[in-house]
Amino acid sequence: MTVDTLCVQGGWQPKKGEPRQVPVYATTTFKYETTQQMGDLFDLKEPGYFYTRLANPTNDAVAKKIAALEGGVAAILTSSGQAASTFAVLNLCNAGDHVVCSAQIYGGTFNLFAVSLKKLGIEFTFVNPDAPAKEIEKAFRPNTKCVFGETVANPSGAVLDIAKFAKLAHKHGVPLIMDNTFPTPVLCRPFEFGCDIVTHATTKYMDGHSSQVGGCIVDSGNFDWEAHADKFPGLVEPDASYHGLSYTKKFGKLAFIVKCTAHLMRDFGSIPSPFNAFLLNLGLESLHVRIRRHAESALKIAKWLKTQKKIAWVNFAGLPDSPYRKLVKKQIKGGIPCGVMTFGVKGGRDASIKFMDSLKLIGIVTHVADAWSCVLHPASHTHRQLSDEQLKAAGIPPDLIRLSVGLEDPEDLIADLKQALAQVK
Ligand SMILES: *Cc1c(COP(=O)(O)O)cnc(C)c1O
């Protein structure tokens, strides 16, 4: 089945007389008939539901759809994209471990890694993803446990060479984790280029209607944990909290996701509400139609912006003259990576602010990648504590505007951009 069909029918296949739409199992718990039956569930001897903090049938149906879309063996939904990134790393790393990470990542993920996980004793080395493999390789240490990056970075739009990073990770006996939020599996399937684990902020295009916050982790099932047992004792060696069960021995290719559920979700509890999973599934049913429209409209608008005398620069990997053109052709189906771009208005910070304040259709919100077009000014919003000098060092010019192109008529959006530009003196 193609991704388009899986968007609609993946994960939930009703049988005779069953509901067409995945039901919302609004229940914390599930009933059993004998003490032994429930005991077997606690020991992971039998599959089954017993408490929604660990697993819920609505969530599982939606996770199964996303696993199918990515071409993975299993997936788990989380309550946010941040929770997905946290669990993906904590499922592999303990205090004293190390991660090689692309420097071009979402600001929230950067803070999570550089500040919060560092406090827990996990160290991150941030590398320039565009650097040659030899340069990036210097970041690896004996205690490196995984490599992390974004397929298309938010907000920089950098496209990461997945095969280059996968090769480096595998050479050092560790998996590559990619945050695939921006292109979604409709436009990019990282497992096809050697990536091992994918994470998502389903909050963005997958939901697509700014209706709920959520995340997902998908495992390809390809990484051989037992071949690197010394690095991943948590997956291979007996787990004392399950009577000495080994995840790889008992669950084979499902080991990573089962451990994530049975261990991290059990202890940290970042499960999404089944109702949110239901909303996410509605979004997924049209993801393939929506994301292509987002991408095509964004390309039209990026091309128009480039013709405007008052626009200083436009950064969009869908443009024919993008430095990422070759990578985009290789990794992105259809050649346009998403609907998000950045640009600057001539006249710097003040001109960009005046322009944004003059927009009428396009809203100022802290969000991207949904049906409603929106803009954000990192220098005034997400990065407002930084000086102009610090902004430059972080690769965020003070005039940078992030535009997320929605599903409105692109001609209406261009008209709005045009009238706002006219307000800039
Ligand atoms: C938004 C975002 C996240 C975080 O997701 P939340 O659902 O807001 O926690 C992670 N990665 C990327 C690329 C994002 O855009």
Side-chain angles (χ1 to χ4, degrees), residues 59 62-63 66 70 75-90 99 101-117 124 126 129 148-160 162 176-188 190 195 197-218 264 268-273 276-277 279-280 283-284 287 291 294 298 317 331-332 337-342 365-370 372 374-376 378 381-383 395-396 402-406:
N59 296 359
V62 183
I66 298 175
E70 288 287 6
I76 182 172
L77 296 189
T78 57
S79 55
S80 66
Q82 288 299 93
S85 305
T86 307
F87 281 16
V89 171
L90 290 186
V99 178
C101 186
S102 165
Q104 303 268 0
I105 52 170
Y106 173 65
T109 312
F110 181 80
N111 206 68
L112 164 68
F113 289 173
V115 180
S116 295
L117 291 189
F124 290 77
F126 295 94
F148 190 100
E150 280 178 22
T151 47
V152 177
N154 174 11
S156 79
V159 180
L160 186 141
I162 303 169
L176 172 64
I177 307 171
M178 294 295 310
D179 180 334
N180 196 31
T181 296
F182 266 16
T184 82
V186 174
L187 301 184
C188 177
C195 165
I197 291 151
V198 158
T199 61
H200 282 282
T202 59
T203 316
K204 312 292 165 58
Y205 288 118
M206 282 191 168
D207 173 87
H209 302 82
S210 44
S211 67
Q212 52 93 29
V213 172
C216 186
I217 307 172
V218 189
L264 295 177
F268 294 108
S270 301
I271 203 84
S273 146
N276 277 3
L279 290 176
L280 168 59
L284 289 169
L287 175 65
I291 185 94
H294 280 290
Q331 293 179 180
I332 306 287
C338 60
V340 182
M341 70 188 74
T342 55
V365 302
T366 309
H367 200 241
V368 278
D370 69 271
W372 298 59
C374 60
V375 283
L376 182 89
H381 304 138
T382 47
H383 296 69
I396 298 166
R402 183 183 70 183
L403 169 65
S404 174
V405 176

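Whatever order the structure lists them in is the order used to number ligands and atoms, beginning at 1.
- Test Val375, Asn154, Ile396, Thr382 against Arg402 for side chain to side chain contact (heavy atoms under 4.5 Å, CB included) and you get one pass: Asn154.
- Minimum interatomic distance between Ser102 and Pro129 (heavy atoms only, all atoms of both residues): OG-CG, 3.4 Å.
- Set against the non-hydrogen atoms of Glu150, the atoms of ligand 1 under 4.0 Å away are 13 (C).
- No side-chain donor-acceptor contact under 3.5 Å links Ser404 to the backbone of Val368.
- Checked against a 3.5 angstrom limit, the closest N/O atoms of Gln82 and ligand 1 fall inside it.
- Nearest protein heavy-atom neighbour of atom 6 (P) of ligand 1: Gly81 N, 3.4 Å.
- Remark: ligand 1 and Phe182 share no N or O pair separated by less than 3.5 Å (distance only, no angle test).
- No donor-acceptor distance shorter than 3.5 angstrom exists from the side chain of Asp179 to the backbone of Ser85, with no hydrogens or angles considered.
- In the model, Ser211 has a side-chain atom that pairs as donor or acceptor with a side-chain atom of Asp207 under 3.5 Å.
- For Phe148 and Phe113, the gap between ring centers is short of 6.0 Å.
- Protein heavy atom nearest atom 11 (N) of ligand 1, with residue, atom name and distance: Asp179 OD2, 2.7 Å.
- The side-chain heavy atoms of Ile271 and Leu77, taken from C-beta on, include no pair separated by under 4.5 Å.
- Residue Gly214 places a heavy atom less than 4.0 Å from ligand 1.
- From the protein, the heavy atom lying nearest to atom 15 (O) of ligand 1 is Lys204 NZ, 2.6 Å.
- Under a 4.0 Å criterion applied to the non-hydrogen atoms of Val213, ligand 1 contributes the atoms 7 (O).
- In terms of protein heavy-atom proximity, atom 8 (O) of ligand 1 is closest to Tyr106 OH, 4.1 Å.
- Atoms of ligand 1 lying under 4.0 Å from any heavy atom of Thr203, numbered from 1 in the order shown and given with element: 6 (P), 7 (O).
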